[in-house]
Every structure is written in structure tokens, then in C-alpha cells.
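One structure is given below, encoded as C-alpha cells.
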There are 2 protein chains.
Amino acid sequence: MCRTRAVLDIVGDKWALLVVRMLKDGPLRFTELKRAVDGISQRMLTVTLRDLERDGLLTRTVHAVMPPHVSYELTPMGRTLREAAAPLLEWSVRHMPQIDAARAAYDERG
Amino acid sequence: MCRTRAVLDIVGDKWALLVVRMLKDGPLRFTELKRAVDGISQRMLTVTLRDLERDGLLTRTVHAVMPPHVSYELTPMGRTLREAAAPLLEWSVRHMPQIDAARAAYDERG
DNA sequence: CAGTATCCTGGCCGATACTG
DNA sequence: CAGTATCGGCCAGGATACTG
């Protein structure tokens, strides 16, 4: 069987890709990520971060200060993922108008 | 707002990426796709193909013969998507063992 | 600040049956 | 062959409230 499917369950995840992208320039804190990844709920951010940590794609560092300070940073493997995902993300941005147009045309016909 | 998210709803879809990949070497028929994309249900293949057609990423061609013959083929835009997605797919295949290991280690600790 | 805990619901998706 | 139609379970994921 094609095991690519299993990995895409993680890596093909929309939120995961967006989180990984936001971490490209260095570590971010929970709230910073929440603000950066538009539309993500607190719960989904928590779950996504946990999964990415579990898969060895980012590290979670707790700084023992008050108030709490937790930062997330890509691991070396996480950085290779971010590089592999970059073309797809860029494609998405670039072809958004064309897709919108195609969809509108399709709906008009249908 | 970051509209990348909207496009990732389509393009970040696991099945969509796998279907697009299978079409890289030319058109395929419904049943061929169903066999090629391991584990996809008839319903999900239908839905995925419909969405990709709607977004202008592939064309659906009905050949008027008996028995029916329908072929699916990437559009030029679909081919650019497939190129943009290729690195992510390849990354998935390549890093599967490493991810499995990281996950096992995490679960052991937890 | 950075979560956890709980509830709840829409819709994803598989299974099944039917058709041009 | 290549679908459509329908039903139903289940869970992703939002909303909300609470905490060290």
C-alpha cells in the first residue's frame, strides 16, 4: 500500500503547513502563532502544535518565568519540511485569483 | 486576512494531492484512478475529481462509447500545481521512517 | 500567558443500493 | 464503466469556561 497517505495525514494538514510556515524565521510563542495563523482556534493550535512536536518537527520550550513563556521552534527535520512545503504555499498564493475565476465560471455554467 | 487558507482547503487536501500526483503521466480513467489512489472510496474520488474540475485543475472528458469511458487530465494550471506539490510528496516518502521513530519515542516518554 | 476541560454540532466520509 | 442517491455514525473542531 502507498504509505504516503499516512504521512500526508500529518503533513498535508492545512493548519500544520501554515504553522510550519510561520516558524520559518525563528521561534514564536503560542499567542504570536495564534495571531499569525489567521482563523485558527486555540484548541486547534494546541492540537496542531502537539502533533508537530510528537512527529519531531518542532520543539516546545518552557521558560520558567512569570507570566509563562513557551516558545516553539522548528527542528532540523522541521526546516526541511518547511522547505519542501514552500513551493505549494507559494503556488497557493499565486494561483488564488485563477482558482476563484475557474470556480465562478464553473458555478455559472452549473 | 491570509487567504492562503482558502486555497489550502482545496490544495492541502490529502486526496486531491494524491489524485494530482497520479495524473502526472497523462490522463487516467475513473477506475484507474480508484485503483491507483490506494484506499480512496468511490464517493471521495467522485467528490475530489469534481472539486478539482471546478477549480480548473483538471478536465473531465466523456467519450461517447459503450461501455462509458471518461478520462481525467491535468490542465496547464493543474500541471503547475503538481510540480509545486512534488517536493512535499517526495519529502513525505523520504521522512516517513524518521517520523515514525520520533512518534514512537514521544509516545514512549508520554 | 498558555494552556486544559467540556460540551456540542455540522459535515465528512464510508457503506450500500441503484442507473444510463 | 462511471457514476448518483441516500442514510447514518463519528469525529473534527468551534465556543466557552476555567487554571497554574
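What's counted below: heavy atoms across the whole structure, side chains too, no hydrogens, waters or symmetry copies.
Taking CZ of A:R21 as the reference point, atom CG of A:L89 lies at 4.5 Å (rounded to 0.5 Å). With values rounded to the nearest 0.5 angstrom, B:Y72 atom OH is found 7.0 Å from B:L45 atom CG.
When DNA chain D is scanned 5' to 3' for any atom under 4.0 Å from a heavy atom of chain A, the first and last hits are D:dG13 to D:dG20.
Taking hydrophobic clusters as Ile, Leu, Val, Met, Phe, Trp and Tyr residues chained together by side-chain heavy-atom distances below 4.5 Å, B:L81 does not share a cluster with B:V47.
Ion pairing between a basic and an acidic side chain is recognised when a charged N comes within 4.0 Å of a carboxylate O; B:E83 and B:R79 show no such pairing. B:R50 and B:E53 are joined by a salt bridge, as a carboxylate oxygen and a charged side-chain nitrogen come within less than 4.0 angstrom of each other. Salt-bridge check for B:K14 with A:D13: failed, with every basic side-chain N at 4.0 Å or more from each acidic carboxylate O.
Taking both residues in full, the closest heavy atoms of A:P68 and A:R29 are given as O-NH2, 3.4 Å, listed atom of the first, atom of the second, then distance. B:V20 and B:G78 get closest at one heavy-atom pair: CG1-O, 4.2 Å. Across every non-hydrogen atom of A:S71 and A:P27, the tightest pair is CB-CB, 4.4 Å.
In DNA chain C, the stems built from three or more successive Watson-Crick or G-U pairs (distances below 3.5 Å) are C:1-20 with D:1-20.
Of the two residues contacting DNA chain D, namely B:F30 and A:M66, the nearest-nucleotide position lying further toward the 5' end is that of B:F30.
Note on ring orientation: taking the six-membered ring where Trp is involved, the planes of A:H69 and A:H63 are perpendicular (angle over 60°, cut-offs 30° and 60°).
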Taking only N/O atoms, report every protein-nucleotides 5-14 of chain C pair under 3.5 Å with atom names and distance.
unit_1: C:dG14; atom_1: OP2; unit_2: B:S41; atom_2: OG; d: 2.5

